[in-house]
Every structure is written in C-alpha cells, then in structure tokens.
Protein chains: 2
Amino acid sequence: MQENDRQTSRTQLAVESIRSLIFSGDLAAGTDHLENELAERLSMSRTPIREATRVLEAQGLLVVRPRKGVRILTLSAEDMDEIYVVLTELESLAAGLAARGKYTADQLQPLLQSVEDMESSLEVEDRESWASADERFHDELVRLAGNSRMAAIISNFNDQVRRARAFTLHLRPLPLQSNEEHRALYEAIARGDEKGARRIHWRHRENARKTLIAILEEVGMKHL
Amino acid sequence: MQENDRQTSRTQLAVESIRSLIFSGDLAAGTDHLENELAERLSMSRTPIREATRVLEAQGLLVVRPRKGVRILTLSAEDMDEIYVVLTELESLAAGLAARGKYTADQLQPLLQSVEDMESSLEVEDRESWASADERFHDELVRLAGNSRMAAIISNFNDQVRRARAFTLHLRPLPLQSNEEHRALYEAIARGDEKGARRIHWRHRENARKTLIAILEEVGMKHL
DNA sequence: GCGTAATTTAATGTATACGTTATCGCATAC
DNA sequence: GTATGCGATAACGTATACATTAAATTACGC
C-alpha cells in the first residue's frame, strides 16, 4: 500500500505535529517559537522543522519571523469576519452545487445521517458530539459540491477558526435553530433546489457568524 | 527600506524565480524537474530549492513527487472550470463589497483609470496593454473589497490560470463586450449598488469562463 | 546617569555530507 | 522472449557545519 514516503517523512510528521500542537493549544496563539525549540521538542533537526513551518505559514496558521521564531497566529474579530465572509460565500456556493448535483437519497444518506446525529445529540445536550456531527455535515456538503479546490480553501479556513469554535462551543446557546437550518438545507439539496440551498446556507452561516462574534465581544475576547 | 531579510533570501529568490520560469513557460506545464537541476539552474544548493518548491506546492503551481522531481502542474478543462467557479464567486463577492464600501470618486479613480486604459487599448487593438489594464482592474476591485484573505485566494487562482489566459489572449475576439461590463461594474460600484455590482461581475466572469473554455475546446487543448 | 559605539551572542540562511531507498539495468532462469 | 531477482545508481530526506547578521549586552564617553 505505502502511498509514498511523504507520509512518514519527518517533514510531514512535523507539519502534523505542529498542527496538533496548535489546535490543542500547546502552542498557544500569539506565542513565538524558535526553530531550535521546535526541533528539540519534536526530536528532529531544524531541516524538517523549517520545511514544515513554511508549509504551515502558507496555510495561514503561523508566520515566520526571522530571529523572533515562528508566531502562532491569533485571530482578531476582524480576522474572524474576513474568514467567515469567505466561508459563507464558498459554502453557500457548495450548497448550491450540491443541490445541482441531483443526488439520490442514497447518495445523500451520510448528509442526512449527520443531521439526525445532530438532532439526537441536542436532545441529550451533548455539545461535543453535536459539534462533531456538525463538522461531518459541513464536510459532506463540501464533498457533494465536487470542487476540490473549493474544498481545500474551506478546509483550510475551518482550521483557522477551529480554536474559536471550540472556545465558544460551551458558551453559546444550544444550537436549536442551527439544526432546523441543517435539515432545511438537506431537504433543499434533496429536491435539487439550487437557489434555495444557497439561500438557506447563506443565512445559516450568517447566523453562525453573528453568534460567534457576539459571544466573543460579550466575553471581551479581542484575540483568539 | 529593507523590509526584511526574507526579501533577499535565496529561498525567496527561488520561489520568485521558479514562479517566473513557470509563467514564462521555461518550466513547461507537465514537465518534471529534479531538485539538483533546479539548484544548478538557479546557482544555489538544494536547501532553498526544497523550501521554495514546498511553498509553490502549497500554492498549487506544482507537485513534489519524490524521485520523479517536481512536476509543473497542467490544467485540464475541469481544473479550469473548478478554478473559475471559485474565482467567479469570490470576485463577485468582492464587487459587492467594493460597492458597499461607498467609495468616493477620488478613491475609485484607479479603477476608472484602468477601465479607460482598457478602452483606449482596444481602440488601437493592443491586446497586451488591454490585458495589463484588465489585470489592474481586477486587482483594484479586489483591493477595494478590503478582505486580505479573499485577495490572497483570488491572486493565487489567477496565477494558476495565467498561462491559459496568456494563451488565449490572441485567439479570442476583441473583448469589446468585456469592456462594457467593466464600465458597468465601475458605475455600479460608484453608486453603491451592491446587488447590481455582484450581478454584473458574475455575468462578466461567466462570460469570460465560457469564452475561455470555448477557445480551448476549439483549439483542442485538453491540457495547458 | 544616559546615550552611543563596540562586542558578544545566538538564530537564521545556506551549503554540504551522508544514509536510505526507489528506480533502472542487467544477468540469470524458465 | 519474458520474467524474476540482484546490484548499481542516483535522488531524496535529514543532520550537521558554517557563515551571516540581527539582537542583546557591555563598555565607553559625555
């Protein structure tokens, strides 16, 4: 099987490790880290670290600041806004394309499943499993749109706001409305209603954006 | 002045050089190039070449295939379609945001200038200078939208289709209609007509996409 | 004491060395 | 003639060495 060497190269390992460390908060937003530090931490030389940080910089997770180390990016409210505007636009497009795809109920099964999972998670107020089903829903939506470049951008931006979402997950009200929107979107896609799917998802994302920003302001978070 | 060291680092130089070589066709689409070859060609060691190729891979201009060298990406009609769908969507959004910006005539001067430059280029049928003014127009449009992440994506995608545009520039009919659309878009932005700006630019891009695809099919280009 | 120049330190950028391993050629078996 | 396996080659991944230079520190003049 052995896809190729890059799966196991130290550079690839460094990319994934550093990503995990960022998402887990072990490399906190706003902190600086020298190449040496990272190299030692991951038990490798600077070479793969350098290659990995360049890749992660291209992905917008950190910036390389010579002699200051790499800085894990923080997100201001404006950053969040920028990202959400693009996400809203592209995911709405994805919703429209998914509807245009004229998929059979069979093919839409995973999407429906995630909607139902979200609903049952809500009934028992399990936010974590709701969030995980929500992620599956959005991933599946993007997959159905069938545009790999669009998918890459969306995935990348989701990575960038992951921290913020995790942070607000337990601060926000139970996403009851969100769930209704998901089901409505599923139905629009199922009946091939491109315009409708677009519109529904647009509003869905707008609501999500507003909720997020409102919470961050309420809690007084300027950066995340 | 001296922004910072990265401006002059060999890695940065390699990124820019390789980009140029790709755009100029010296590194032709579909061809493979070993790290050694590139290193020798650019008179540097493999280290900066490796870092540069990783960055360019993240930008979607090439893929790194261990032991086969880096492959300069070709674009199939489907790729082109994927890219144009995203470009259309994001630039339309940009047009809407630019209109929402309520800019003064003064602030819109560069945009207007590029429209006029396109018009005068067309009168003398100078396609090269038309293309350059067209690029300025689109750049300015994106700048006015004021979303740096959106700008980055658009710029990146434009890079990816640059070859295709250059290729068709002299094959397409004189872009008379395109010019009318540019002026109409300028006016929509000037009067703050967000919806109108969106709609106009959407159609503009759709037309461009169709023209491009039609030419490529006509000429029988499967890959570029 | 305070500001500036000289010195030291250390982080980076780059080259190079080297071990690993995919790939290719060739020999051998069938 | 084709297939299988072995050895040579070379490209890559990674570590390391070293030169460069920004930043920190110290020394110095005032």
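Quick note on labels: first sequence line is chain A, next is B, and so on, each numbered from 1. In this text, all values refer to a predicted model and were calculated from it rather than measured experimentally.
Taking 3.5 Å as the limit, the base of D/dT21 and the side chain of A/Arg67 contain a donor-acceptor pair of atoms between them.
Below 30°, between 30° and 60°, or above 60°: for B/His182 and B/Trp130 the angle between ring planes is between 30° and 60°, a tilted geometry.
Here A/Arg172 does not pair with A/Glu218 in a salt bridge; the nearest charged N to carboxylate O distance is not below 4.0 Å.
Looking at the side chain of A/Thr11, the nearest of the listed nucleotides D/dT14, C/dT12, C/dT14 is D/dT14. Nearest nucleotide to the B/Ser45 side chain, out of D/dC12, C/dT16, D/dA15: C/dT16. For B/Met44, the listed nucleotide lying nearest its side chain is C/dA15; candidates were C/dT12, C/dA15, D/dC12.
The CG-P distance, from B/Asp32 to D/dA10, rounds to 18 Å in whole Å. Between the C1' atom of D/dG13 and the CZ atom of A/Arg50 lies a distance of 16 Å, rounded to the nearest Å. B/Glu51 has its CD atom 8 Å from the P atom of C/dT14, to the nearest Å. Atom pair A/Ile49:CD1 and C/dA11:C1' shows a separation of 15 Å (rounding to whole Å applied). The nearest whole Å value for the distance from the CG atom in B/Leu13 to the C1' atom in C/dG13 is 13 Å. Between A/Glu57 atom CD and C/dG13 atom P the separation is 10 Å, expressed in whole Å. For A/Leu34 and D/dA23, the CG to P distance is 13 Å, given to the nearest whole Å. Going from atom NE2 of A/His33 over to atom C1' of C/dA10 covers 18 Å, rounded to whole Å.
The side chain of A/Arg46 contributes no N or O atom lying less than 4.0 Å from OP1 or OP2 of D/dT16. Contact annotation: B/Arg54 reaches the phosphate of D/dG13 (side-chain N/O to OP1 or OP2, under 4.0 Å). For C/dA15, the OP1/OP2 oxygens have a side-chain nitrogen or oxygen of B/Arg10 closer than 4.0 Å. OP1 and OP2 of C/dT16 both lie 4.0 Å or more from every side-chain N or O belonging to B/Thr47. Not one side-chain nitrogen or oxygen of A/Ser9 sits closer than 4.0 Å to the OP1 or OP2 atom of D/dC12.
When the nearest nucleotides of DNA chain C are assigned to B/Pro48 and A/Glu35 by heavy-atom distance, the more 5′-ward of the two goes with A/Glu35. Residues B/Asn36 and A/Lys68 both approach DNA chain D. Their nearest nucleotides, taken by heavy-atom distance, put B/Asn36 toward the 5′ side.
A donor-acceptor contact closer than 3.5 angstrom is absent between the side chains of A/Glu35 and A/Thr53.
Under the 6.0 Å distance and 45° angle rule, A/Arg162 counts as a cation-pi partner of A/Phe23.
Proximity of a side-chain donor or acceptor of A/Glu82 to a complementary backbone N or O of B/Arg149 within less than 3.5 Å is detected.
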